[in-house]
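Encoded as structure tokens, the structure appears first; notes follow it.
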There are 2 protein chains.
Amino acid sequence: MGFFTKDIQTFDDLFVHTLRDIYYAENQIVKALPTMISKATDSSLKQGFETHLGETKNQIKRLEQVFKMHGVEVSAVNCPAIDGILKEANEVAGEVADKQVLDAALIAAAQAVEHYEITRYGTLVAWAKQLGRNDCASVLQQNLDEEQATDTKLNSLATRGVNRKAA
Amino acid sequence: MGFFTKDIQTFDDLFVHTLRDIYYAENQIVKALPTMISKATDSSLKQGFETHLGETKNQIKRLEQVFKMHGVEVSAVNCPAIDGILKEANEVAGEVADKQVLDAALIAAAQAVEHYEITRYGTLVAWAKQLGRNDCASVLQQNLDEEQATDTKLNSLATRGVNRKAA
């Protein structure tokens, strides 16, 4: 985008750009989760990742619904943030020798992903409301609620067993 | 690190690695904040970034204190996550034509940074406690509290004026 012009002219443009950013991110997460599932040892963690893979696919459908509600093309823009977060997750996982320590590292990596999504959906919900698109805000809020619930579940898995086993 | 061996053998290694990751991140944030200060138009936002620059420098000192308390060398490891988050912040800011839309974009970018720090400090506090290092946990908790307070302030700036002006 934009070698000679600035492509984001209005607040609405910024909203759509950020929608395309999280759309790219969710699609990358769908690709990354199977590896995390295969690396996890703790059965609750493995199952949690599997559940979240299903949720993420549904979140992508909700985003496509928001694009349509807002009358813009369903498309993605590059999101260096999620690329960096997932690259770091892979690098750290590749450095860990012990399976139980790896589970703790996988939870931390997944929580970094969740927090990225939480911040983006939080922003998008606020912007949609400001733009008078309460209909879009309400769909985006469903994704936000799921990401927050996933983060809480990961916290609980970490503190109720995974960290203790890793230590 | 580690072409032939896995460098993270124990839970303690993972804790130290993640400490070095956030140490790198905080140092990158200190470098990025002056640009965000110069780009911000809203005076409360500009002042908020200035305050946070001071806090970030103090957070780096607290991290150095934790390295010493834990008896390990103060050092950084590359953190592709923060590099990606900051790269995205720069790219988006470069695409925005209008100053008031740019303020909204800067808040969103800063909140992505805050959420990365919140997730890492949340993890480090839990791991420090699991390792029996309540002394380290207590210092890391101070950084976590500051990041959460900054995120709340950014939310308030966005919803109490910046988003309305941008729209």
Side-chain angles (χ1 to χ4, degrees), chain A residues 1-2 5-14 17-18 21 78-92 94-98 100-102 104-105 107-108 111-120 122-124 126-127 129-132 151 155 158-159 163-167, chain B residues 1-2 5-14 17-18 21 78-92 94-98 100-102 104-105 107-108 111-120 122-124 126-127 129-132 151 155 158-159 163-167:
Chain A
M1 304 221 314
T5 58
K6 298 201 178 231
D7 286 326
I8 301 170
Q9 301 280 343
T10 66
F11 191 50
D12 193 283
D13 292 343
L14 182 63
H17 181 93
T18 307
D21 172 287
N78 277 348
C79 167
I82 200 70
D83 286 343
I85 291 165
L86 293 173
K87 185 181 174 199
E88 180 162 319
N90 270 330
E91 283 183 7
V92 173
E95 292 286 334
V96 178
D98 181 271
Q100 293 180 321
V101 176
L102 180 57
I107 290 182
Q111 289 195 289
V113 171
E114 289 313 306
H115 270 272
Y116 182 72
E117 298 183 281
I118 288 168
T119 190
R120 286 291 178 243
T123 293
L124 283 166
W127 289 354
K129 285 180 183 165
Q130 185 63 52
L131 287 164
D151 186 56
N155 259 339
T159 55
N163 289 353
R164 188 177 35 75
K165 286 186 207 160
Chain B
M1 307 223 309
T5 59
K6 298 203 179 228
D7 287 326
I8 301 170
Q9 300 281 342
T10 67
F11 191 50
D12 194 283
D13 293 342
L14 181 64
H17 181 93
T18 307
D21 171 287
N78 278 347
C79 167
I82 200 72
D83 287 343
I85 291 166
L86 293 174
K87 185 180 173 201
E88 181 163 320
N90 271 329
E91 284 183 6
V92 173
E95 293 285 333
V96 178
D98 180 272
Q100 295 182 320
V101 176
L102 179 56
I107 290 183
Q111 289 195 290
V113 171
E114 288 314 305
H115 270 273
Y116 181 71
E117 299 183 279
I118 288 167
T119 191
R120 285 290 178 245
T123 293
L124 283 166
W127 287 354
K129 286 179 183 167
Q130 186 63 51
L131 287 163
D151 186 56
N155 259 338
T159 55
N163 289 354
R164 189 177 35 76
K165 286 185 207 158

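Sequence lines set the chain letters: A, B, ... in the order given, protein chains first and strands last, and positions in each chain run from 1. When reading the values below, keep in mind they use all heavy atoms of this one structure, side chains included, and skip hydrogens, waters and symmetry mates.
Looking only at heavy-atom pairs under 4.5 Å with chain B, the residue among A:A89, A:G132, A:A105, A:A112 that has the most is A:A112. Ranked by heavy-atom pairs under 4.5 Å with chain A, the list B:A158, B:C79, B:G122 is led by B:C79.
Rounding to the nearest 0.5 Å places CG of A:N163 at 5.5 Å from CD of B:Q130. Between the NE2 atom in A:H115 and the CD1 atom in B:I118 there is a gap of 7.0 Å [rounded to 0.5 Å]. Note: A:T123 OG1 to B:N155 CG = 7.5 Å, rounded to the nearest 0.5 Å. The line from CD of B:Q111 to OH of A:Y116 is 12.5 Å long, rounded to the nearest 0.5 Å. In this structure, the separation between CD on A:E95 and CG on B:L14 is 11.0 Å, given to the nearest 0.5 Å. Between atom CD1 of residue B:I107 and atom CH2 of residue A:W127 there is a gap of 9.0 Å, rounded to the nearest 0.5 Å.
Scanning both residues, A:A97 and B:Q9, for their nearest heavy atoms gives CB-OE1, 3.6 Å. Minimum heavy-atom separation, A:P80 to B:K87: CB-CD, 4.0 Å. In terms of heavy-atom proximity, B:F11 sits nearest to A:A166 at CB-O, 3.3 Å.
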Full working for side chain to side chain contact (heavy atoms under 4.5 Å, CB included) between A:V92 and B:I8: CA-CA 8 Å; A:V92 173; B:I8 301 170; 4.2 Å; yes

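Only the side chain of B:E91 comes within contact range of chain A, with heavy atoms under 4.5 Å apart. Residue contact with chain A, scored on non-hydrogen atoms closer than 4.5 Å, involves the side chain of B:D21 exclusively.
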